[in-house]
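Following: one structure in structure tokens, then a few remarks.
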There are 2 protein chains.
Amino acid sequence: MKKYEEIYTDIKNKIINGDYSATAQLPFEKDLCEAYTTSKMTVKRALDLLVDEGLIIKRRGSGTFVKDLSQKEINRITQLNQLNGFTATYDKDGNKVTSKILDFDVIQADDIVMDKLNLKPGSFVYTIYRLRYINDKPVVLEKTAMPIERVPGLEQTHLENSIYHYLKEDLDLTIQSAHRQYTVKKADEDEALQLDIEKDDPVAVTEQITYLDTGETIEYGITKSRADMFIAETIVTK
Amino acid sequence: MKKYEEIYTDIKNKIINGDYSATAQLPFEKDLCEAYTTSKMTVKRALDLLVDEGLIIKRRGSGTFVKDLSQKEINRITQLNQLNGFTATYDKDGNKVTSKILDFDVIQADDIVMDKLNLKPGSFVYTIYRLRYINDKPVVLEKTAMPIERVPGLEQTHLENSIYHYLKEDLDLTIQSAHRQYTVKKADEDEALQLDIEKDDPVAVTEQITYLDTGETIEYGITKSRADMFIAETIVTK
DNA sequence: GAGTGGTCTAGACCACTTC
DNA sequence: AAGTGGTCTAGACCACTCT
């Protein structure tokens with residue numbers, strides 16, 4: 001493990017365990033350099049990770065402090081795992097994650113998809129329409145478009161499980177980032193039927209563009225989530 | 001301006017202007033060091049900002065590339081301004097931002113507020129219940145709790161405008177970060193009445209804990225937004 | 001004035017990709 | 001083998017806070 005990761009992990013654990021408690025002052029960077037026998041830039045980097053993660057704050061001239069976090073908030077932060085597909089997100093706690101494929105086609109990208117995925121006119125995309133279940137309960141209705149030339153050999157069996165798994169393990173593609181927008185709307189008749197809710201019940205709409213570590217777009221997706229199963233979290237730092 | 005900020009801004013502008021277009025390769029770090037007559041760490045820092053912002057990706061052994069972003073996506077990203085209060089967020093484009101104060105009290109924090117703000121039992125908090133308008137249209141219903149000892153002298157007049165402005169200009173307090181959760185629900189009767197929608201219409205619920213640059217909590221808020229006026233955005237990087 | 005974190009350097013060495 | 005970005009150093013100097 002890299003040195004700055006070791007320092008980051010060590011201090012993070014001390015915060016979680018309460019060795020550094022809420023509002024406590026951390027040792028000065030100078031002293032951390034000695035303690036970990038390392039240079040200032042490396043300590044700074046480790047601390048900056050903790051700032052981004054929302055656990056500590058730094059004040060020039062004063063020092064570095066643990067934020068005034070409740071135990072619940074600490075737990076929430078340390079369990080935030082980002083940038084996972086649906087399966088990886090919900091598969092953890094022994095949940096049963098399944099899918100029903102409602103549609104699977106190859107079509108020419110329409111204007112919206114072309115724009116979102118930055119494709120050339122006439123480009124073909126897979127369109128995948130799936131209903132995702134957690135423990136046999138329908139939770140998310142998902143419409144996804146993927147450029148066919150970037151996802152060769154995609155088949156029905158991959159859709160029944162995790163597409164992300166196929167991208168990673170079989171095609172050796174790496175997801176680098178996702179740009180997401182959340183909005184809210186009333187369920188239309190189809191959405192209500194699929195998600196087993198009433199028409200006009202609230203649904204959360206997540207629109208997502210996903211990028212590979214090559215910079216290429218790989219996926220444009222719109223998901224409709226049952227209100228009672230939706231939550232999104234974010235930490236915003238100045 | 002700091003050197004890494006200059007480099008960051010310069011390259012960002014070149015991406016926005018199309019001098020570096022989608023999927024284009026940026027000059028190597030080595031060359032950027034020469035071009036800006038600076039050291040590697042400084043160039044790296046500037047580029048890492050652009051990675052976090054979602055504009056570029058870097059691959060060791062290969063180089064640095066502009067993401068395959070549509071023009072719309074570039075615009076969206078470059079206009080993302082985070083960590084603002086309601087007023088600053090909507091005041092920009094010449095919108096008229098106003099508030100109706102529905103309730104303003106000082107009470108002992110209940111268990112939830114005590115926990116969220118990490119307060120001691122018996123602590124007193126302001127509770128502020130406001131309806132926020134944009135161009136005279138009710139948009140957000142907001143319930144906020146703030147510890148009284150951290151916000152001395154808060155008065156009704158401050159609530160009618162921007163509390164954040166009072167914190168910053170009068171109390172010289174600086175917001176450092178906010179931890180947010182988004183969920184979705186049906187409007188109850190009161191929410192429907194206030195937001196001028198129907199009962200059971202969808203509303204977006206934003207729960208937020210706000211921290212000062214001292215690490216102290218300053219605000220716990222729950223806002224209910226009209227579905228047609230709600231949008232949240234985030235960029236997730238590996 | 002003393003001490004904090006922030007910026008920046010010039011260079012060494014490492015991990016990875018590409019040829 | 002050559003070239004990329006990643007990590008790390010030892011130290012200089014700066015900006016800010018507190019006394």
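So that the names make sense, note that chain A is the first sequence line, chain B the second, and so on, each numbered from 1.
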Specify the separation, in whole Å, of atom CE of B/Met41 and atom P of C/dG6.
14 Å
B/Lys3 NZ to C/dC8 C1': how many Å, rounded?
8 Å
Listed nucleotide nearest any side-chain atom of A/Ser39, set D/dG5, C/dC8, D/dC8:
D/dC8
If you take the centroid of each ring, where Trp contributes its six-membered ring, are B/Tyr126 and B/Phe104 closer together than 6.0 Å?
yes
Gap between atoms OH and C1', on A/Tyr4 and C/dC14 respectively (whole Å)
13 Å
Against the side chain of B/Glu29, the closest entry in D/dC8, D/dG6, C/dC8 is D/dG6
What is the separation between atom CD on A/Glu34 and atom P on D/dT9, rounded to the nearest whole Å?
14 Å
How are the rings of A/His158 and A/Tyr166 set to each other: parallel, tilted or perpendicular (split at 30° and 60°)?
parallel
D/dG6 P sits how many Å from B/Ile57 CD1, rounded?
10 Å
Among D/dT7, D/dA10, C/dG5, the one nearest A/Phe28 by side-chain distance:
C/dG5
Position toward the 5' end of DNA chain D (nearest nucleotide), A/Val43 or B/Pro27:
B/Pro27
Comparing A/Lys2 and B/Leu26 on DNA chain D - which has the more 5′ nearest nucleotide:
B/Leu26
Nearest whole Å is fine: how far is C/dC8 P from A/Asp48 CG?
14 Å
OP1 or OP2 of C/dT9 versus the side-chain N and O atoms of B/Thr42: is any pair under 4.0 Å?
yes
With respect to the side chain of A/Ser62, which nucleotide from D/dG6, C/dC8, D/dC18 is positioned closest?
D/dC18
Just wondering, do A/Thr206 and A/Arg180 contact through their side chains at under 4.5 Å, heavy atoms?
yes
C/dG5 phosphate, OP1 or OP2, under 4.0 Å from A/Thr64 side-chain N/O
yes
Considering every strand and a 4.0 Å limit on heavy-atom distances, what is the contact class for B/Lys44: base, sugar-phosphate, or nothing?
base
Nearest to side-chain heavy atoms of A/Lys58, which nucleotide of D/dT9, C/dC8, C/dG5:
C/dG5
Taking only Lys NZ, Arg NE, NH1 and NH2, and the carboxylate oxygens of Asp or Glu, determine whether B/Glu73 and B/Lys67 approach each other closer than 4.0 Å.
no
Taking only the side-chain heavy atoms of A/Arg60 (C-beta and beyond), determine which of D/dC16, C/dT9, C/dT17 contains the nearest atom.
D/dC16
Is there side-chain contact between B/Glu219 and B/Ile209, with at least one heavy-atom pair below 4.5 Å?
no
Residue B/Lys40, side-chain heavy atoms: nucleotide from C/dA12, D/dA10, D/dA12 that is nearest
C/dA12
May I have the distance from B/Arg45 (atom CZ) to D/dT7 (atom P), rounded to whole angstrom?
15 Å
How close or far is atom P of D/dC8 from atom CE of A/Met1, stated in whole angstroms?
11 Å
